[in-house]
There are 2 protein chains.
Amino acid sequence: MSAPKILDLGSLKQACKSCSLHDLCLPLGVGDEELQMLERIINRRRPLQRKDHLYRPGDRLHSIYAVRSGTVKTYTLTDDGQEQITGFHLPGELLGLDAISDGVHPCAARALETTSICEIPFDRLEELSVRIPGLQHQLFRIMSREIQTDEQFMMLLGKKASDARLAAFLLSLSTRLGMRGFSRTEFNLTMSRNDIANYLGLAVETVSRLFTRFQSAGLIEVNRKLITIFDLEGLQVVAGAQPVEELRNCPGQCEGDQPQGN
Amino acid sequence: MSAPKILDLGSLKQACKSCSLHDLCLPLGVGDEELQMLERIINRRRPLQRKDHLYRPGDRLHSIYAVRSGTVKTYTLTDDGQEQITGFHLPGELLGLDAISDGVHPCAARALETTSICEIPFDRLEELSVRIPGLQHQLFRIMSREIQTDEQFMMLLGKKASDARLAAFLLSLSTRLGMRGFSRTEFNLTMSRNDIANYLGLAVETVSRLFTRFQSAGLIEVNRKLITIFDLEGLQVVAGAQPVEELRNCPGQCEGDQPQGN
DNA sequence: CGCTTATTTGACGTAGCTCAAGAATTGTGG
DNA sequence: CCACAATTCTTGAGCTACGTCAAATAAGCG
């Protein structure tokens, strides 16, 4: 469509290669030219410092954001002012999709460490995705993915015991970091124990005890914030385990065709 | 664009008026003509009977669905075959959005009673939403809304006690039914106690006990499947309550600027 | 009208929360 | 660089909300 009159697009493009915007473009025939159109609407922002807010509940939606480096947590406040963390966002992940429906951010977003962010004005993104069907498709996919992982998480909170929750959390971090080229087996927890507990619906004390338990079991090593995973498969077993050990009173076969939960 | 050569579009259109597709069109300047284009790609299906599956996990995504009448539950199976219900879908609500990302349904969808459904072929919906920017916007909004309510639900599962969960559940049904013109204070539970418990991450027995407790407290009347809400505000109080009564050891003011959860 | 399945109710056990206190870290000002 | 305060993390000791188990009703259903 429009001729490229780019300055430092090279570097921007490279940055986007390791970002969810990359997923957003390449897989589905979004060509080079379209990619440049997308990159042209993206703004960099000066890095957030630890505890800086990216947005607060009630802020109007101007943009959605992609984490370039660092970590951001999103959280709501309950009726009585308690914090409920709704997610941790690692490099390459998007934030703010929950604000589209009302045009207002229902959550707060806050940096857990020094964090750099790409800002994507949402109205321009919408315009662009009308012109680039592949982009529209990718946006649908990304939002759908989030719905899907939220559903997974509900299962975690509804059905799994504390150890399974923490194991799943560590595995999730491991996988997501691994996808972006970081180590899957050694990483820093950028969030506090309190944040982890809050996110997983547990008490801080429980999280702390679980870390020591996992360590004694030889699954991981915990060194302050540094986690080293020794036994990924072992963690997966723990993460999959139900609160009640499966197959208890099922001598022959578990009855019937209608598994009922809990 | 295309001239209207409609047969029974009148009735279809009326049906869509009380449907999420209505929300999907009207609010944002999707004109009459565009609405007809949308309606032309929508298929009715013969009604589902109780326990019929609309789709199963692993089925390819062909369409997303809107409930016209009846109720549908969606659920996944855990690693060990347990059912985890991810949602109940009432008239006017959409299903299947979680399948877009992989092109495969991660959940099963099953009718809880005789249910009629509109089917919207997703590829055609995508095409159309390229041509009708307002439609694209509405789709983004609907998916965003789902992400937002999922986040709310996480808070429910992570932070709220059993009574708050059930109260919130009843209020949710009440509101959603009310929006579609049904009574907010008297309705049938189309799902079993088991389903409710499963969805809320509780044991059946707990749900049963809570119903009787709510009834003794004069909040509701329970008659088999029929719920009558006497005290909506009372339920809201219960739903808002934290597991620990708020303001316990806070004589003067609750300390500080950084509310930490749990 | 038996048989299966759903719901209720009671008795009891336990996972995980609360409370409390100490240890380790981090931040701060001199 | 060091004291000191503030925060975060860990560990121990109870307590309780809710799950499990068991059994009795009550409904659906062929």
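By convention in this document, chain letters (A, B, ...) are assigned in the order of the sequence lines, proteins followed by strands, and residues within each chain are numbered from 1.
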Subject >> A:S208 side-chain proximity, nearest of C:dA11, D:dC9, C:dC17 >> reply: D:dC9

**OP:** Kindly point out which of D:dT11, C:dT7, C:dT18 is positioned nearest to the side chain of B:K225?
**Re:** C:dT7

Nucleotide [N], atom [atom2] - distance to [atom1] of [X] in whole Å:
{"X": "B:L112", "N": "C:dT5", "atom1": "CG", "atom2": "P", "answer": "18 Å"}
{"X": "A:N188", "N": "C:dT25", "atom1": "CG", "atom2": "P", "answer": "14 Å"}
{"X": "B:L202", "N": "C:dA15", "atom1": "CG", "atom2": "P", "answer": "18 Å"}
{"X": "B:F214", "N": "C:dT8", "atom1": "CZ", "atom2": "P", "answer": "13 Å"}
{"X": "B:D163", "N": "D:dT16", "atom1": "CG", "atom2": "P", "answer": "16 Å"}
{"X": "B:R209", "N": "D:dC21", "atom1": "CZ", "atom2": "C1'", "answer": "11 Å"}
{"X": "B:N223", "N": "C:dT8", "atom1": "CG", "atom2": "P", "answer": "11 Å"}
{"X": "A:N198", "N": "D:dT8", "atom1": "CG", "atom2": "P", "answer": "13 Å"}

Subject >> Member of A:Q84, A:E83, A:Q82 meeting the side-chain hydrogen bond (donor to acceptor under 3.5 Å, both in side chains) criterion with B:K159 >> reply: A:Q84

Subject >> Result of checking A:D195, A:N198, A:T86 against A:K73 for side-chain hydrogen bond (donor to acceptor under 3.5 Å, both in side chains) >> reply: A:D195

Is there a donor and acceptor pair closer than 3.5 Å between the side chain of [X] and the base of [N]?
{"X": "B:E205", "N": "D:dC18", "result": "no"}
{"X": "A:R193", "N": "C:dT25", "result": "no"}
{"X": "B:R224", "N": "D:dG28", "result": "no"}
{"X": "A:R165", "N": "C:dG16", "result": "no"}

Original post:
Between A:T76 and A:P106, which heavy-atom pair has the shortest distance, and what is it?
Top reply: CG2-O, 3.4 Å

**OP:** Measure across B:V67 and B:H89 and return the closest heavy-atom pair with its distance rounded to 0.1 Å.
**Re:** CG2-O, 3.8 Å

Closer than 4.0 Å, any side-chain N/O of [X] to the OP1 or OP2 of [N]?
{"X": "B:T206", "N": "D:dC18", "value": "no"}
{"X": "B:S162", "N": "D:dC18", "value": "yes"}
{"X": "B:T212", "N": "C:dT9", "value": "yes"}

Original post:
Does B:R50 or B:R213 map to a spot on DNA chain D nearer the 5' end, using the closest nucleotide for each?
Top reply: B:R213

Original post:
Would you call the rings of B:Y75 and B:H53 parallel, tilted or perpendicular, where under 30° means parallel and over 60° means perpendicular?
Top reply: tilted

